[in-house]
Amino acid sequence: MTNAVPQRISLDIRGAIAHVRLARPDKLNGMDFPMLRALVRVAGEIRRHRQVRAVILSGEGAAFSTGLDFAAVTRKPWEVIKAFVTLGRSTNLFQRACWCWRELPVPVIAVLHGRCYGGAMQVALAADFRIATPDCELSVMEGKWGLIPDMSGSVSLRELLPIDVAKRLTMTAQVISGTEAKALNLVTEVADDPMAAAEALAAELCARSPDAVAGAKALFQRAWSASIRGAFAAERRIQFQIMRGPNWRIALRAGLEKKPPQFRERSFRR
């Protein structure tokens with residue numbers, strides 16, 4: 001299934017895997033308001049496709065993305081003000097364009113090459129996994145422009161880094177390579193062909209119960225910083241929800257019979 005989503009993002013659903021591409025290569029996929037809105041819209045569309053079990057997020061052309069296109073965004077100061085408004089949500093538009101990928105009930109794999117700066121870095125950090133080329137350039141770039149990361153980066157950085165490392169990268173806007181990012185735990189894997197590595201990981205995830213994979217994502221998001229009591233409660237609630245669906249019985253039967261499982265669409269809801 002192919003669906004050309006207008007305004008900066010392409011979506012291609014192939015079986016159980018959704019390929020999402022930032023599609024503004026003439027501007028190195030710089031993020032303007034149409035792209036921010038399209039990111040949120042595409043994540044919502046993927047959520048409606050229950051057959052999707054994994055998402056691969058990448059950028060067309062020479063870079064994943066150089067981050068927020070300040071020249072385009074600052075031409076519309078009133079739209080900047082509107083984008084900061086939460087309207088009763090926990091996120092504004094800038095934050096939602098990143099965090100919508102964390103909120104999807106399926107794993108998201110970001111494929112990074114060329115440059116991954118600023119807002120694009122925060123999009124990548126909101127993915128569940130990041131696979132980068134060794135020479136990819138990554139930076140918490142906001143400090144260069146006299147700003148702080150405000151597109152969900154404060155949460156995703158704290159999950160991955162010691163506080164002193166997060167402060168240093170943020171305060172200095174240091175550019176690091178994919179290899180350096182792996183050493184710091186900012187990326188999951190380094191590969192010469194990150195798309196091939198992402199597709200291999202997506203295929204491995206798709207071989208498992210879609211409810212168990214979705215449940216595992218929900219479990220760790222809820223339990224990682226919770227109290228022990230809260231984490232145990234999350235385990236119970238999520239396990240009970242998984243066991244109410246058909247896919248755990250399919251997995252159990254296939255394991256006992258030593259046959260490949262034929263799973264149904266995901267029934268787990270976050």
Side-chain angles (χ1 to χ4, degrees), residues 1-3 11-21 42-58 99-112 123-132 156 159-160 182 185 187-191 193-226 230-270:
M1 171 184 173
T2 300
N3 181 20
L11 170 62
D12 182 12
I13 298 177
R14 308 174 194 170
I17 300 174
H19 284 263
V20 178
R21 296 181 181 86
V42 169
E45 181 166 348
I46 291 170
R47 182 182 290 273
R48 290 191 292 273
H49 288 280
R50 301 284 289 278
Q51 83 275 16
V52 170
R53 300 187 190 179
V55 176
I56 297 177
L57 179 61
S58 62
W99 209 243
C100 61
W101 304 101
R102 184 65 63 86
E103 292 180 330
L104 277 181
V106 295
V108 178
I109 308 165
V111 174
L112 310 178
V123 171
L125 290 171
D128 300 286
F129 309 100
R130 287 155 296 285
I131 304 178
S156 51
E159 294 175 347
L160 300 171
K182 177 64 174 72
N185 200 44
V187 300
T188 313
E189 183 179 341
V190 171
D193 188 345
M195 180 57 74
E199 289 175 340
L201 175 56
E204 186 176 355
L205 294 168
C206 289
R208 300 300 180 186
S209 163
D211 293 329
V213 171
K217 177 170 178 171
L219 171 63
F220 287 114
Q221 288 308 129
R222 297 176 192 177
W224 202 254
S225 59
F232 289 170
E235 287 181 1
R236 292 192 299 270
R237 287 194 300 269
I238 292 170
Q239 192 78 299
F240 180 70
Q241 187 175 347
I242 290 172
M243 293 179 70
R244 291 176 63 189
N247 283 317
W248 84 273
R249 290 188 291 272
I250 293 171
L252 178 62
R253 188 180 307 113
L256 293 173
E257 296 176 356
K258 296 181 171 47
K259 295 180 179 179
Q262 301 296 320
F263 293 114
R264 299 182 187 179
E265 290 185 355
R266 172 178 49 83
S267 63
F268 181 87
R269 296 177 182 269
R270 293 196 63 166

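Residue Arg102 qualifies as enclosed at atom CZ: its count of foreign heavy atoms under 6.0 Å is above 12. Heavy-atom contacts from other residues, nucleotides or ligands closer than 6.0 Å to CZ of Arg208 number 12 or fewer. The environment of Glu204 atom CD is sparse: at most 12 non-hydrogen atoms of other residues, nucleotides or ligands sit within 6.0 angstrom.
When all heavy atoms are compared, the tightest approach of Met243 to Arg249 is O-NH1, 3.7 Å. Here the closest heavy-atom approach between residue Ala197 and residue Ile131 is recorded as C-CD1, 3.9 Å. Of all heavy-atom pairs spanning Gly230 and Ala226, the tightest one is C-CB, 4.3 Å. A pairwise comparison of heavy atoms in Phe263 and Ala207 identifies CE1-O, 3.5 Å as the closest pair.
Between Glu45 and Val52, the closest side-chain pair of non-hydrogen atoms is not below 4.5 Å. Side-chain contact between Ser267 and Pro246 is present, with heavy atoms from C-beta onward closer than 4.5 Å. Side-chain contact between Gln221 and Glu159: present, with at least one pair of heavy atoms (C-beta onward) separated by less than 4.5 Å.
Judged purely by atom type and a 3.5 angstrom limit, Arg53 has no side-chain atom pairing as donor or acceptor with the backbone of Pro210. Remark: the backbone N or O of Thr188 is not paired with any side-chain donor or acceptor of Arg130 at under 3.5 angstrom. Judged purely by atom type and a 3.5 angstrom limit, Gln241 uses its side chain to pair as donor or acceptor with the backbone of Arg269. Listed for the Trp101 side chain is no donor-acceptor partner under 3.5 Å among the backbone atoms of Ala127.
Rounding to the nearest 0.5 angstrom, the gap separating the CG atom in Leu11 from the NE2 atom in His49 is 6.5 Å. The CD1 atom of Ile17 sits 12.0 Å away from the CD atom of Gln51 when rounded to the nearest 0.5 Å. From Glu189, atom CD reaches atom CG of Leu112 across 11.5 Å, with rounding to the nearest 0.5 Å. If you take NZ on Lys259 and CD1 on Ile250, they are separated by 13.5 Å, rounding to the nearest 0.5 Å. Here the CH2 atom belonging to Trp248 is positioned 10.0 Å from the CZ atom belonging to Arg253, to the nearest 0.5 angstrom.
The side chain to side chain donor-acceptor pair (under 3.5 Å) test applied to Asn247 returns Asp211, not counting sequence neighbours. Evaluation of the side chain to side chain contact (heavy atoms under 4.5 Å, CB included) rule for Arg47 yields Glu103, Leu104, Pro105 as partners, not counting sequence neighbours.
Exactly one of Val106, Val213, Ile238 qualifies for a side-chain contact (heavy atoms from CB on, under 4.5 Å) with Phe268. That residue is Ile238. Put simply, the residue from Val111, Val187, Ile109 that forms a side-chain contact (heavy atoms from CB on, under 4.5 Å) with Phe129 is Ile109.
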